[in-house]
Amino acid sequence: SVGTPAVLFEAEQLLRAGAGGACARWFILRLAGLYGPGRHHLLDQVRRGEAEMAGRGDHFLNLIHRDDVTAAILAAFAAPAGIANEVLNVVDDVPARKAEVVGWLARELKMPVPSFTGEPVSGRRPESPNRLIANSKIKELLGWRPAHPDFRAGYRALLEA
């Protein structure tokens with residue numbers, strides 16, 4: 001929803017300010033677009049054979065598989081004591097354009113490739129962000145590596161399950 005970024009930013013600011021002394025050490029994990037078991041909206045749209053999808057095919061999607069998020073959380077809990085108070089992006093290694101992801105899914109499922117309306121998804125902000133998000137900091141500091149380094153590996157695991 002439109003108010004979500006402001007709420008998340010406010011929560012981050014409170015944590016950075018010390019959360020009333022409750023947190024001696026903290027990590028803020030900023031998650032990319034989450035997918036995996038129980039979270040596969042794009043996959044479901046392609047499976048249904050939808051002819052059109054909301055959004056723009058030329059925009060980048062930054063994605064992360066649910067299991068890789070879990071591994072990142074565990075890596076933060078296990079971080080050496082000298083590593084603290086960090087903001088880390090949790091995203092896979094290979095950003096892809098929405099059309100690339102949807103086209104690959106359609107080919108894997110032997111379904112027609114949908115077109116894009118150019119209009120935002122209902123209930124979302126008017127303009128979807130089109131940016132590349134890097135995961136180099138979490139990899140360097142925590143030694144985390146995604147088990148699903150790109151959308152192909154992650155969605156293949158879903159399709160084979």
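Since the model is a prediction, treat every value here as computed from it, not as a measurement.
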State the [atom1]-[atom2] distance between [X] and [Y], to the nearest 0.5 angstrom.
X      : Y      : atom1 : atom2 : result
Leu31  : Ile73  : CG    : CD1   : 7.0 Å
Phe60  : Leu132 : CZ    : CG    : 5.0 Å
Thr117 : Met53  : OG1   : CE    : 10.5 Å
Ile133 : Ile64  : CD1   : CD1   : 11.0 Å
Leu29  : Glu86  : CG    : CD    : 11.0 Å
Met111 : Leu43  : CE    : CG    : 10.5 Å

(message) Between Arg47 and Glu108, does any side-chain N to carboxylate O distance fall below 4.0 Å?
(response) no
(request) Scan for ring pair (Phe, Tyr, Trp, His ring centres under 6.0 Å) pairs involving residues 65-86, sequence neighbours excluded, and state none if there are none. (result)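 Residue pairs passing ring pair (Phe, Tyr, Trp, His ring centres under 6.0 Å), neighbours aside: Tyr35-His65, His65-His148.
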Report, one line per pair, each donor and acceptor closer than 3.5 Å where one atom sits in a side chain of residues 89-96; sequence neighbours left out.
unit_1, atom_1, unit_2, atom_2, d
Asn89, ND2, Ala134, O, 3.2
Asp92, OD1, Val94, N, 3.2
Asp93, OD1, Asn135, ND2, 2.8
Asp93, OD1, Lys139, NZ, 2.9

(message) Test of understanding: clusters of I, L, V, M, F, W, Y form through side-chain heavy atoms closer than 4.5 Å, transitively. Do Val87 and Leu74 belong to the same one?
(response)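 In one cluster: no.
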(request) Tell me whether Leu34 is reachable from Val102 by hopping between hydrophobic residues (I, L, V, M, F, W, Y) whose side-chain heavy atoms are closer than 4.5 Å. (result) no
Do you know the tightest heavy-atom contact between [X] and [Y]?
X      : Y      : result
Ile83  : Phe27  : O-CZ, 3.4 Å
Ala106 : Pro112 : CB-O, 3.8 Å
Leu42  : Val101 : CD1-CG1, 4.1 Å
Arg97  : Gly57  : CB-O, 3.6 Å
Ala79  : Leu142 : CB-CD2, 3.5 Å
Arg25  : Asn85  : CA-OD1, 3.4 Å

So do the side chains of [X] and [Y] get within less than 4.5 Å of each other, counting heavy atoms only?
X      : Y      : answer
Glu100 : Arg152 : yes
Arg39  : Arg66  : no
Arg56  : His59  : yes
Arg156 : Trp104 : yes
Phe116 : Glu52  : no

(message) Running the 4.5 Å side-chain criterion over Ile, Leu, Val, Met, Phe, Trp and Tyr, what cluster does Val113 land in, apart from itself?
(response)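 Hydrophobic cluster check, Val113: no partners found.
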(message) Checking Arg30 against Ile28 for the side-chain contact (heavy atoms from CB on, under 4.5 Å) test, could you report, in this order, the C-alpha distance in whole Å, the side-chain angles of both residues, the deciding distance, and whether it holds?
(response) CA-CA 6 Å; Arg30 292 184 177 164; Ile28 294 170; 4.2 Å; yes
(message) For the backbone of Val69 and the side chain of Trp144, can you confirm whether one donor and one acceptor N or O come within less than 3.5 Å of each other?
(response)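 Such a contact is absent between Trp144 side chain and Val69 backbone.
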